[in-house]
There are 2 protein chains.
Amino acid sequence: MKYSDYKKLLKNHHLRITDCRIDVLEKFHSTDHALSFKDLEDELSDYDRVTLYRTLNSFIDQGLLHRIPNDSGMAAYGLCREDCTEEEHHHDHVHFKCNLCGHVECLPNYHTPVIDLPNYDIEESYLILNGVCKNCKEELQPVS
Amino acid sequence: MKYSDYKKLLKNHHLRITDCRIDVLEKFHSTDHALSFKDLEDELSDYDRVTLYRTLNSFIDQGLLHRIPNDSGMAAYGLCREDCTEEEHHHDHVHFKCNLCGHVECLPNYHTPVIDLPNYDIEESYLILNGVCKNCKEELQPVS
DNA sequence: ATATTTATGCAACTTAATTGCATTCTGCTT
DNA sequence: AAGCAGAATGCAATTAAGTTGCATAAATAT
């Protein structure tokens, strides 16, 4: 994706165009896994930590990102698909966290199961898988 | 459950019998939902925060409790069933968090789905449902 | 009964995240 | 293009969750 596309994306989500937002968007679009706050802080150290936090939060508020909770307590952030509605954000796809490299991936082809709990209202559901990802498995047992 | 039962429980899990551990066990056994650290701190303020943290951690290490991650980042802790193995702790039941009262419940009758991801090893899975619990629903729309 | 091991309490520290405020920048109007 | 209002940024300080080190106290083993 190019600069003008990021600008459009921000405009579509009612966000002002700033250097930080462009750079953060760029990071998310040029990786195949979710990013933690620390990932961003390390790679975009020109910006103040507070600015990065606020950028992430405004992106979440405007539906550009979704927060992925995990067992370690340090959240990851993943891109929302363009066509994904408010409900889908949370009732939607499965996440995988690798216990070796720590990367969190969205699995858009796998959906959280629909569970019917009598007398309860279910608004969101999160399914998080932990284990060893493809890349780390290959490193452990290289294919000749 | 009575005092001597808690003592047995601790002994079975290779934990020394102390006042704090008995009191924490008692709290967990006299409620139907999972407890957060804050719940314990509020109700057992005689003990130092650090002691409570260490108590929770030793209980987890010995398989008395399991940690339940959630979207807010503040973990809850739930009792493990007596017969539950190491693997089951994580590949096991579903959790529900009420968005109104904040209580986290274990749903031992609902299990996380088994998902097969080609080229990945899945070691644990967490399924967390969020919504409105039975009690809160009744308060909103009282049954006459 | 005493020695050994473990748990507790306190203080200090680490890390993640938020808040207030002055300054700077963006997008809009003219 | 200049000016304005509202929003974003950077900095300092603060909150909150959780951990570590160490001296003292308590629990188990001998």
Side-chain angles (χ1 to χ4, degrees), chain A residues 3-4 6-27 34-62 64-77 97 102 104, chain B residues 3-4 6-27 34-62 64-77 97 102 104:
Chain A
Y3 182 63
S4 58
Y6 295 130
K7 283 176 76 164
K8 266 183 217 153
L9 200 49
L10 289 172
K11 274 204 184 120
N12 290 344
H13 288 84
H14 310 102
L15 290 163
R16 289 189 171 194
I17 287 131
T18 69
D19 292 354
C20 182
R21 285 174 181 168
I22 298 282
D23 286 340
V24 169
L25 266 190
E26 210 275 328
K27 285 289 166 208
L35 297 174
S36 67
F37 174 78
K38 204 171 173 325
D39 292 333
L40 289 176
E41 194 185 17
D42 291 344
E43 299 186 50
L44 296 174
S45 53
D46 295 354
Y47 300 108
D48 193 82
R49 297 161 22 80
V50 178
T51 304
L52 291 173
Y53 274 117
R54 288 195 269 228
T55 301
L56 288 173
N57 287 332
S58 60
F59 282 8
I60 289 168
D61 292 344
Q62 298 308 321
L64 274 167
L65 294 179
H66 58 285
R67 191 189 310 257
I68 310 163
N70 71 53
D71 54 328
S72 78
M74 220 167 58
Y77 302 85
K97 194 192 105 186
V104 176
Chain B
Y3 182 63
S4 57
Y6 294 130
K7 282 176 77 165
K8 265 183 220 155
L9 200 49
L10 288 172
K11 276 208 181 114
N12 289 345
H13 289 83
H14 311 101
L15 289 163
R16 290 188 170 195
I17 288 131
T18 68
D19 292 355
C20 181
R21 285 174 181 168
I22 298 283
D23 285 341
V24 169
L25 266 189
E26 210 273 329
K27 284 290 166 207
L35 298 174
S36 68
F37 173 78
K38 207 174 173 318
D39 291 334
L40 289 175
E41 195 185 17
D42 290 345
E43 299 186 49
L44 296 174
S45 52
D46 295 354
Y47 300 107
D48 192 83
R49 296 160 17 82
V50 177
T51 303
L52 292 174
Y53 274 117
R54 287 196 270 228
T55 301
L56 288 173
N57 286 332
S58 60
F59 282 9
I60 289 169
D61 292 344
Q62 299 307 321
L64 274 166
L65 293 179
H66 58 285
R67 191 189 307 259
I68 310 163
N70 71 53
D71 55 330
S72 79
M74 221 167 56
Y77 302 85
K97 195 193 104 186
V104 175

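Quick note on labels: first sequence line is chain A, next is B, and so on, each numbered from 1.
- Both I17(B) and V50(B) lie close to DNA chain D; mapped to their nearest nucleotides by heavy-atom distance, the more 5′-ward contact belongs to V50(B).
- Looking at R21(A), its side chain has no donor and acceptor atom pair within 3.5 Å of the base of dA8(D).
- As a whole-Å value, the separation of D61(A) CG from dT18(C) P is 11 Å.
- Here the nucleotide nearest the side chain of R54(A), chosen from dA17(C), dG20(C), dG9(C), is dG20(C).
- Under 4.0 angstrom from either OP1 or OP2 of dT18(C) there lies at least one side-chain N or O belonging to N57(A).
- For the pair T18(B) and dT8(C), the criterion of a side-chain N or O lying under 4.0 Å from OP1 or OP2 is met.
- We find that CG of L56(A) is positioned 10 Å from P of dT18(C), with the value rounded to whole Å.
- Rounding to whole angstrom units, CG of residue D39(B) and C1' of dA17(D) are separated by 15 Å.
- Considering only side-chain atoms of D48(A), the nucleotide from dT18(C), dG10(D), dC10(C) that sits closest is dG10(D).
- As a whole-Å value, the separation of Y77(A) OH from dA17(C) C1' is 9 Å.
- For the pair R16(B) and D19(B), both in contact range of DNA chain C, the more 5′-proximal nearest nucleotide belongs to R16(B).
- A donor N or O paired with an acceptor N or O is not found under 3.5 Å between the base of dG10(D) and the side-chain atoms of R49(A).
- Here the P atom of nucleotide dT28(D) and the NZ atom of K7(B) are 8 Å apart, to the nearest Å.
- Between H66(B) and Y77(B), every side-chain heavy-atom pair lies at or beyond the 4.5 Å cut-off.
- Annotation: side-chain hydrogen bond (donor to acceptor under 3.5 Å, both in side chains) contacts of N57(A) (sequence neighbours excluded): R67(A).
- Using a 4.5 Å cut-off on side-chain heavy atoms (C-beta onward), D39(A) and S36(A) make contact.
- Taking side-chain N and O atoms only, T51(A) has a distance below 4.0 Å to OP1 or OP2 of dG10(D).
- One atom, NE2 of H13(B), and another, P of dA27(D), lie 21 Å apart when rounded to the nearest Å.
- In this structure, L52(B) atom CG and dT19(D) atom P are separated by 13 Å, rounded to whole Å.
- K27(A) has no carboxylate O lying under 4.0 Å from a charged side-chain N of D23(A), or vice versa, which leaves the two without a salt bridge.
- Considering only the side chain of Y53(B), dA17(D) comes nearest among dA17(D), dA8(D), dT18(C).
- Per the geometry, CG belonging to L10(B) stands 11 Å off P belonging to dA7(C), to the nearest Å.
- Taking the side chain as every heavy atom from C-beta outward, L9(B) and L15(B) never approach each other to under 4.5 Å.
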